[in-house]
Amino acid sequence: MMGKRLMLALLCVVSLLCAGCELVTEEPKRDVHFIGVGLSYKLSSGTAGSGVLIPVGTESATGNVLPSCLHDVSSVYTRFSTRGYDSFTSYSGGSSLAYITDANGTTDSYSLCVSALDSVASVAKDSDLTIFYYSGHGYGDGLLVLTDGITQTVSGNTYVTGKLLGVDTLLAKLSAIAGDKLVIMDSCYSGNLVDAWADHSSEGFERFFAGHGDSNIYVLTASAASELSFCGSEYGYFTKVVTTLLADNSRIAFSDLYDAVSEYFASRTF
């Protein structure tokens, strides 16, 4: 009789354990995809470059050479790649890491940027995080001034030809990527990105930090919709603030990063 009772007790324990196992699921792996774009608009050595030629309808405008942008994208990547994510892997061609610069001369940065966004969209999971960073010229309504890899000489000055990526196109590409998105823009008029994504104001990103699974976006921009951003010879002032805060606070949350950047700029101590 005792043997039967003991057997029944053991069966009950095993059943409870099995039932408990069914309720426990492994937390999904959080891979991180990084797309960083930093453009200097400077031609390869031996060619006197004068910046970028920006198409404006049937006319054109010019943008200066921005050597600091190459440093900025490298610095941002370094800061994020050391934050202990499950996966932050560098590979080329349809990769989770796109590191787009024009350090070696003319680059079709427009095609590379769009391709990188599409590639991440094809592999990203709901549990993933995608970081998109841009350092370069911004124009008009927040247009990203990318390049098409072609040069043009005007009045004796040689320019890299610009190709504009609109805010609406960028938002559509980001929306197609599953999971959370952190967007950092160091360019003039970049606040247009926030205005265009009206349902995702800086006060409405609590879900981004609460868990994975929802497709959320968090945006940090160097300027408001009608403002310019500024840089020195070595770095952009906005990017310098972001990377300094990340370096000094290895575990800072993105919500705290937003507040810290805002406070830093308000104090004008950069």
Side-chain angles (χ1 to χ4, degrees), residues 31-42 51-52 63-85 87-92 95-105 107 109 112-113 116-117 120 129-138 144-147 165 170 174 180-191 193 218-223 227-265 267-270:
D31 293 329
V32 176
H33 312 282
F34 181 87
I35 302 172
V37 184
L39 302 178
S40 68
Y41 311 99
K42 180 177 175 61
V52 60
N64 297 329
V65 172
L66 299 176
S68 62
C69 295
L70 299 180
H71 171 270
D72 287 347
V73 69
S74 174
S75 180
V76 169
Y77 169 70
T78 299
R79 293 275 66 83
F80 279 114
S81 65
T82 58
R83 290 179 68 82
Y85 295 118
S87 173
F88 202 99
T89 305
S90 170
Y91 60 99
S92 60
S95 67
S96 286
L97 169 69
Y99 191 67
I100 302 166
T101 71
D102 57 357
N104 295 320
T107 302
S109 57
L112 290 173
C113 181
L117 288 163
V120 171
L129 166 66
T130 297
I131 300 169
F132 181 86
Y133 171 79
Y134 175 75
S135 179
H137 280 300
L144 281 63
V145 183
L146 302 174
T147 55
L165 179 65
L170 176 59
L174 289 168
D180 298 328
K181 276 84 65 172
L182 170 64
V183 182
I184 302 176
M185 302 283 291
D186 196 348
S187 57
C188 296
Y189 316 118
S190 51
L193 183 67
Y218 184 83
V219 182
L220 283 170
T221 65
S223 59
E227 290 180 337
L228 303 176
S229 63
F230 297 93
C231 65
S233 59
E234 297 183 13
Y235 52 78
Y237 297 139
F238 171 75
T239 295
K240 179 66 173 179
V241 173
V242 173
T243 54
T244 298
L245 289 169
L246 288 172
D248 293 343
N249 304 274
S250 61
R251 304 302 299 176
I252 192 170
F254 295 139
S255 55
D256 297 328
L257 180 63
Y258 176 86
D259 293 335
V261 169
S262 300
E263 182 179 349
Y264 208 104
F265 264 93
S267 66
R268 301 180 183 276
T269 57
F270 49 86

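If you're wondering where the values come from, they're calculated on a predicted model, not measured in any experiment.
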*asked:* Let me confirm one number: the CG-CD1 distance from Asp72 to Ile184, rounded to the nearest 0.5 Å.
replied: 11.0 Å
*Contacts of type side-chain contact (heavy atoms from CB on, under 4.5 Å), residue Cys113, not counting sequence neighbours*: Val37, Ile100, Leu117, Phe132, Leu146, Leu165
*Search all heavy atoms of Leu66 against all heavy atoms of Gly136 and return the closest pair with its distance.*
CD1-C, 4.0 Å
*Mind running side-chain contact (heavy atoms from CB on, under 4.5 Å) on Tyr235 and Thr244 for me, showing each step along the way?*
CA-CA 12 Å; Tyr235 52 78; Thr244 298; over 6 Å; no
*Inter-residue atom distance Thr101.OG1 - Leu39.CG, 0.5 Å rounding*: 8.0 Å
*For the residue pair Glu234 and Ser68, what are the closest heavy atoms and their distance?*
C-CB, 3.5 Å
*May I ask you to test the Tyr134-Leu170 pair for a side-chain heavy-atom distance under 4.5 Å?*
no
*Can you name the closest pair of heavy atoms from Phe238 and Thr221 and give their distance?*
CE1-O, 3.5 Å
*How would you list, by chain and number, every residue that makes a side chain to side chain donor-acceptor pair (under 3.5 Å) with Ser109, sequence neighbours excluded?*
Thr147
*Specify the closest pair of heavy atoms between Leu228 and Tyr189, including all atoms of both residues, with the distance to one decimal.*
CD2-OH, 3.3 Å
*Non-neighbouring partners of Ser40 that pass side-chain contact (heavy atoms from CB on, under 4.5 Å), sequence neighbours left out*: Lys42, Leu70, Asp102
*Quick one: pull up CZ in Phe34 and CG in Leu182 and give me the separation to the nearest 0.5 Å.*
9.5 Å
*Residues in side chain to side chain donor-acceptor pair (under 3.5 Å) contact with Ser75, at least two apart in sequence or another chain*: none
*State, to 0.1 Å, how close Gly138 and Ser187 come at their nearest heavy-atom pair, and which atoms those are.*
N-CB, 3.9 Å
_Close side-chain approach of Ser74 to Tyr99, heavy-atom, < 4.5 Å_ = yes
*Could you list the residues that satisfy side-chain contact (heavy atoms from CB on, under 4.5 Å) with Glu227, not counting sequence neighbours?*
Ser223, Ala224
*Which pair of heavy atoms, one from Ser233 and one from Pro67, lies closest together, and at what distance?*
O-CG, 4.3 Å
*Taking Tyr41 for the side chain and Val145 for the main chain, is one N or O donor matched with an acceptor at less than 3.5 Å?*
yes
*List in chain and number order the residues that pass side-chain contact (heavy atoms from CB on, under 4.5 Å) with Thr130, two or more places apart in sequence or in another chain; answer none if no residue qualifies.*
His33, Val120, Ile177, Lys181
*When rounded to the nearest 0.5 angstrom, what distance separates NE2 in His137 from SG in Cys69?*
7.5 Å
*Among all residues two or more places apart in sequence or in another chain, which pass the side chain to side chain donor-acceptor pair (under 3.5 Å) test with Tyr133?*
Thr239
